[in-house]
2 protein chains.
Amino acid sequence: MSSKALRLGAKSAQQSETSLDLRALQRTPGFMLRLAQLKFFEGFYEEFAALGLTPATYAIFVVIHDNPGVPPSSLASVLRLRLPNLIKILNELESSGFIKRNRSKSDRRAVELMLTPKGAKLIAEGARLTQPYNERMLAPLSEAEQRMLLDLLNRILPL
Amino acid sequence: MSSKALRLGAKSAQQSETSLDLRALQRTPGFMLRLAQLKFFEGFYEEFAALGLTPATYAIFVVIHDNPGVPPSSLASVLRLRLPNLIKILNELESSGFIKRNRSKSDRRAVELMLTPKGAKLIAEGARLTQPYNERMLAPLSEAEQRMLLDLLNRILPL
DNA sequence: TATTGTTATACTCTATAACTATA
DNA sequence: TATAGTTATAGAGTATAACAATA
């Protein structure tokens, strides 16, 4: 268990970020999770910019790919997006030709989401970037530690 | 290492969120970090609502408390906030009487941030809520696992 | 009447440009 | 000229309310 104290000098009125006492924040899981999420999102935009994917659209594509016919309401629920905000993204993805909406035959209110061939191709290209991206983000950790982090996150979440 | 597959039935056009295949997302650290951060922030607002603290103001108070005289630029840097956005929050905290700004004597452009007695009292009250809050958020993990999670997060971050 | 999807809209958070004052 | 702080403002993300179509 490492606990490097960043700050060694005495407190003074003139602080610079290289000599700040940040130990309290480092022991604050919520703050560290926010920093980690920022790191992953920034890294994502760097890695997937060429494909035009964002963290949100990537997750949407993955869920539709693994669950063809999933309705917008379920998608919004698992991705923790509000339905009206998801609808806006789905509208863009559909008008760009990546997904299509089918009306359910059994319940004509319901919508079934599917990837188009163009959408399937995009997510296949994205999948090839996923491993090197995660590897880069988690580089300081051993493979066992990377699995441990993922396992701990899964266990604190109600998924 | 648990890896409960959530989905057991066959894929069909009619999906509900209870039977979706989310295994790909569960193996995606960036997505799980986003969910974890959402959980912690929502829990924070529940726990600290009575004090009027937000995750951002809590972190600001902590850093000023541990580093009296810290300038806004350093604070923005460590909290990953843009300076103009931090300034707006500092304006509110100052006009509410929680912090005060001193002009540095050696460099009259520089500002030194301090807690007022009212601000010190607020963060002291907040500190008492911190442990039960983190305990509730991390309840599914043993104490050793909670330390492990925090350690892993610290090691992937450049703090 | 209740539910699914959708639109419109407001609010918060975040990002960029430009200005003031000091150095 | 460069830097610290500040203001103004635009943009992205997220929230609620209300409506249409269907059950």
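What you are looking at is a predicted structure, and each value in this text was computed from that prediction instead of being measured. Lettering of chains follows the sequences in order, A, B, ..., and the numbering in each one begins at 1.
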Colleague: Distance under 4.0 Å to a non-hydrogen atom of chain A counts as contact; along DNA chain C, which nucleotides mark the start and end?
Modeller: C:dA2 to C:dT9

Colleague: Check the distance between D:dG5's P and B:K100's NZ and give it to me in whole angstrom.
Modeller: 16 Å

Colleague: Tell me every residue that passes side-chain contact (heavy atoms from CB on, under 4.5 Å) with B:K121, counting only those two or more places apart in sequence or in another chain.
Modeller: B:E125

Colleague: Extract from the structure each pairing of a protein N or O with an N or O of nucleotides 10-15 of chain D at less than 3.5 Å, listing the distance.
Modeller:
| unit_1 | atom_1 | unit_2 | atom_2 | d |
| --- | --- | --- | --- | --- |
| D:dT14 | O4 | A:K88 | NZ | 3.2 |
| D:dA15 | N7 | A:N85 | OD1 | 3.3 |
| D:dA15 | N7 | A:N85 | ND2 | 2.9 |
| D:dA15 | N6 | A:N85 | OD1 | 2.8 |

Colleague: Show me the donor-acceptor pairs, under 3.5 Å and distance only, between side chains in residues 137-145 of chain A and residues at least two apart or in other chains.
Modeller:
| unit_1 | atom_1 | unit_2 | atom_2 | d |
| --- | --- | --- | --- | --- |
| A:S142 | OG | A:E145 | N | 3.1 |
| A:S142 | OG | A:E145 | OE1 | 3.3 |
| A:E145 | OE1 | A:S142 | N | 2.8 |
| A:E145 | OE1 | B:R155 | NH2 | 3.0 |
| A:E145 | OE2 | B:R155 | NH1 | 2.9 |

Colleague: Got a sec, which pairs hit side chain to side chain donor-acceptor pair (under 3.5 Å) with one end in residues 46-57 of chain B, sequence neighbours left out?
Modeller: B:E46-B:R136, B:E47-B:R136, B:T54-B:T57

Colleague: Can you list everything that forms a side chain to side chain donor-acceptor pair (under 3.5 Å) with A:N91? Sequence neighbours excluded, please.
Modeller: A:R101

Colleague: A:I87 CD1 to D:dA17 C1': how many Å, rounded?
Modeller: 16 Å

Colleague: Not counting sequence neighbours, which residues clear side chain to side chain donor-acceptor pair (under 3.5 Å) with B:T28? List them please.
Modeller: none

Colleague: Not counting sequence neighbours, list each pair that qualifies as a ring pair (Phe, Tyr, Trp, His ring centres under 6.0 Å) and has a residue in residues 66-99 of chain A.
Modeller: A:F61-A:F98

Colleague: Any chance you could measure A:L149, atom CG, to B:I156, atom CD1, to the nearest 0.5 Å?
Modeller: 5.5 Å

Colleague: Does B:N91 make a side-chain N or O approach to OP1 or OP2 of D:dT7 shorter than 4.0 Å?
Modeller: yes

Colleague: Rounded to whole Å, how long is the line connecting atom CZ of A:R103 with atom P of D:dA21?
Modeller: 11 Å

Colleague: Map B:R108 and A:L83 onto DNA chain C by nearest heavy atom, then report which one ends up closer to the 5' terminus.
Modeller: A:L83

Colleague: Just jot down the salt bridge (charged side-chain N to carboxylate O under 4.0 Å, His left out) partners of B:E42, sequence neighbours excluded, or say none.
Modeller: A:R80

Colleague: Which whole-number value in Å describes the distance from B:R109 CZ to D:dA2 P?
Modeller: 13 Å

Colleague: Output yes when at least one side-chain N/O atom of B:S73 is less than 4.0 Å from OP1 or OP2 of D:dG5, else no.
Modeller: yes

